[in-house]
Amino acid sequence: MVGPDARLLTPVLVGPTGVGKTAVAVALASLTPITVISADARQVYRGLDIGTAKPDHQTRVHVPHRGLDLIDPGERYSAGRFAREAAGWLAEERAAGREPVVVGGTGLYIRALAEGLFHEPPFDPDRRERLRAWSESLEGTQLARWAGRLDPGFPGGGRQRAARAVEVALLTGHALSWWQREARATGGGALRPWYIHLTLPRESLQRRLADRVDAMLRAGFVREVERALASGVPPDAPGLDGVGYREIVSMLQGQLPEAALRDAILVSTRRYAKRQETWFRHQLGARDAVRGEREVWSLDATGMPAELAATIHERWMKTTAHHSPRTAHRS
């Protein structure tokens, strides 16, 4: 607890896909008891393990995780639901004597947890249904353009995010980004984030991404998608519309040559990592409402995970000492 802000300072480990967040978190767990709060919109799906780089069973036995395997492919899971459920996980883990560490690459989930989301008013169901039907009639690029026109703060993303931005703007008269600013201004959010932003030189990250795609394909990524489709999951369902999954679906439907699959997944993965980096670079680092300081630390992730974890742990100990009730009382 720090000064007048009752929310606890919490490590939030962020960075693009492939940067090594999971490996660093596992190494950190060898230094102090932690529970990983996964902020990853793709890892919420049961059965989609390989393509989402979900921690394996052995890792999850060694390091408790929350936020994995929450829903079946085809279901939707929102940032608002994540924020509500993650707030409960944070409280439960602290009560059990473990330090929660938020780890993930889904910026909207992290923002919702740290800053809060607006509580939407009841929408007229008929207007909402007509708007949904209209949105679904648009191509993805058209829908994104409408989202950008109606909400200048729209950060981009998939169809679901664009449709949400359009819906909120037209049904409330205010852009979603406006509502989110209002939530931040009124003190929303379940934690005070201490951001550790893992970065890599572009060439190093691209090599890691290429190695990761190759490893996923060797591990049975295509078979994972085939099983999901065989179980009745529609090919365009939430979960199968993510990076890698949509390319494999396209290949299985005969729209993409098998020989081109690996490179297509790699191109999409690199684009996704670039979008993540852009988001973290521009969206993190808002000034803390209490002390007017920035709570973001960029850390080059080129080193070994154990070395990075030791560096994070040492700085975390100094940070928590600085933010102790006694120190806060003197400041």
Side-chain angles (χ1 to χ4, degrees), residues 14-24 26 38 40-59 68-69 72-74 103-107 139-141 144 156-161 198-280 301-302 304-305:
V14 301
T17 186
V19 79
K21 298 182 294 292
T22 297
V24 172
V26 170
S38 174
D40 189 311
R42 303 172 68 205
Q43 293 183 350
V44 300
Y45 291 103
R46 302 184 191 100
L48 302 187
D49 303 331
I50 298 171
T52 63
K54 199 176 293 178
D56 60 25
H57 176 72
Q58 184 176 356
T59 298
L68 306 179
D69 299 329
D72 292 323
V103 179
T106 302
E139 296 290 337
T141 53
R159 287 191 64 93
Q160 185 177 355
R161 292 184 185 177
L198 297 184
T199 65
L200 276 175
R202 181 173 178 270
E203 296 77 11
S204 297
L205 180 60
Q206 294 209 348
R207 283 196 299 271
R208 286 196 188 183
L209 293 178
D211 291 343
R212 167 178 278 199
V213 169
D214 291 338
M216 286 177 171
L217 290 171
R218 287 195 302 270
F221 194 0
V222 173
R223 290 193 298 276
E224 180 171 271
V225 178
E226 289 174 331
R227 284 195 297 270
L229 294 172
S231 71
V233 178
D236 60 347
L240 293 186
D241 58 356
V243 172
Y245 289 95
R246 59 174 174 260
E247 285 77 21
I248 293 177
V249 168
S250 181
M251 186 269 291
L252 293 173
Q253 292 180 331
Q255 299 166 358
L256 178 69
E258 185 175 357
L261 177 63
R262 184 260 187 189
D263 287 345
I265 295 175
L266 182 55
V267 168
S268 291
T269 304
R270 286 173 172 170
R271 289 174 178 167
Y272 177 56
K274 185 177 180 179
R275 290 196 301 271
Q276 289 177 300
E277 268 297 272
T278 299
W279 196 96
F280 290 128
T302 303
M304 297 297 292

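- Partners of D214 according to the salt bridge (charged side-chain N to carboxylate O under 4.0 Å, His left out) rule, which considers only residues two or more places apart in sequence or in another chain, are R262.
- Within the structure, ring-ring contact (aromatic ring centres under 6.0 Å, His included) contacts touching residues 219-268 (residues at least two apart or in different chains) are F221-Y245.
- Residues V19 and Q276 fail the side-chain proximity criterion, which asks for heavy atoms closer than 4.5 Å.
- A273 and L205 make their closest contact through CB-CD2, 4.3 Å (heavy atoms, listed as atom of the first residue, atom of the second, distance).
- Between V24 and V103 there is no side-chain heavy-atom pair separated by less than 4.5 Å.
- For R46, the salt bridge (charged side-chain N to carboxylate O under 4.0 Å, His left out) partners are D72, not counting sequence neighbours.
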Quiz item: Checking side-chain contact (heavy atoms from CB on, under 4.5 Å) for the pair M251/V222: CA distance, chi angles, key distance, verdict?
Solution: CA-CA 9 Å; M251 186 269 291; V222 173; 4.1 Å; yes
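- Taking T199 as the reference, H197, E277 meet the side chain to side chain contact (heavy atoms under 4.5 Å, CB included) condition, with sequence neighbours excluded.
- Heavy-atom neighbours of Q255 CD from other residues, nucleotides or ligands within 6.0 Å: above the threshold of 12.
- Q58 pairs by the side chain to side chain contact (heavy atoms under 4.5 Å, CB included) definition with D56, not counting sequence neighbours.
- Taking 4.5 Å as the limit, every side-chain heavy atom of T52 sits out of range of all side-chain heavy atoms of D40.
- Under the 3.5 Å distance criterion, the side-chain polar atoms of K21 are matched with a main-chain donor or acceptor of G15.
- Not counting sequence neighbours, the partners of A219 by the side chain to side chain contact (heavy atoms under 4.5 Å, CB included) test are I50.
- Taking every heavy atom of both residues into account, T302 and P201 meet most closely at OG1-CD, 3.8 Å.
- You'll find the side chain of R212 reaches within 4.5 Å of the side chain of T17, heavy atoms only.
- The closest side-chain heavy-atom distance from L48 to R42 is not below 4.5 Å.
- At a threshold of 4.5 Å between non-hydrogen side-chain atoms, the residues V26 and P305 do not count as touching.
- For D241, there are no salt bridge (charged side-chain N to carboxylate O under 4.0 Å, His left out) partners two or more places apart in sequence or in a different chain.
- Taking CG of L217 as the start and CG of L261 as the end, the distance is 5.5 Å to the nearest 0.5 Å.
- The minimum heavy-atom distance between T106 and A41, with the atom names listed, is OG1-N, 2.8 Å.
- The CG atom of L252 sits 7.0 Å away from atom CD1 of I248, with the distance rounded to the nearest 0.5 Å.
- In this structure, CG on L209 lies 7.0 Å from CD on Q206, to the nearest 0.5 angstrom.
- What you find for G140 and R159 is that their closest heavy atoms are N-NH1, 3.3 Å.
- Partners of K54 according to the salt bridge (charged side-chain N to carboxylate O under 4.0 Å, His left out) rule, which considers only residues two or more places apart in sequence or in another chain, are D49, D69.
- When all heavy atoms of Y45 and P238 are compared, the pair lying nearest together is OH-CB, 3.3 Å.
- In this structure S268 satisfies the side chain to side chain contact (heavy atoms under 4.5 Å, CB included) test together with V243, R246, E247, sequence neighbours excluded.
- Annotation: side-chain hydrogen bond (donor to acceptor under 3.5 Å, both in side chains) contacts of R270 (sequence neighbours excluded): none.
- Under the side-chain hydrogen bond (donor to acceptor under 3.5 Å, both in side chains) criterion, S204 pairs with R207, not counting sequence neighbours.
- Contact record, L256 with A264: CD2-CB, 4.0 Å, taken as the closest heavy-atom pair.
- Counting only residues at least two apart or in different chains, salt bridge (Lys or Arg N to Asp or Glu O under 4.0 Å) contacts with residues 217-236 are absent.
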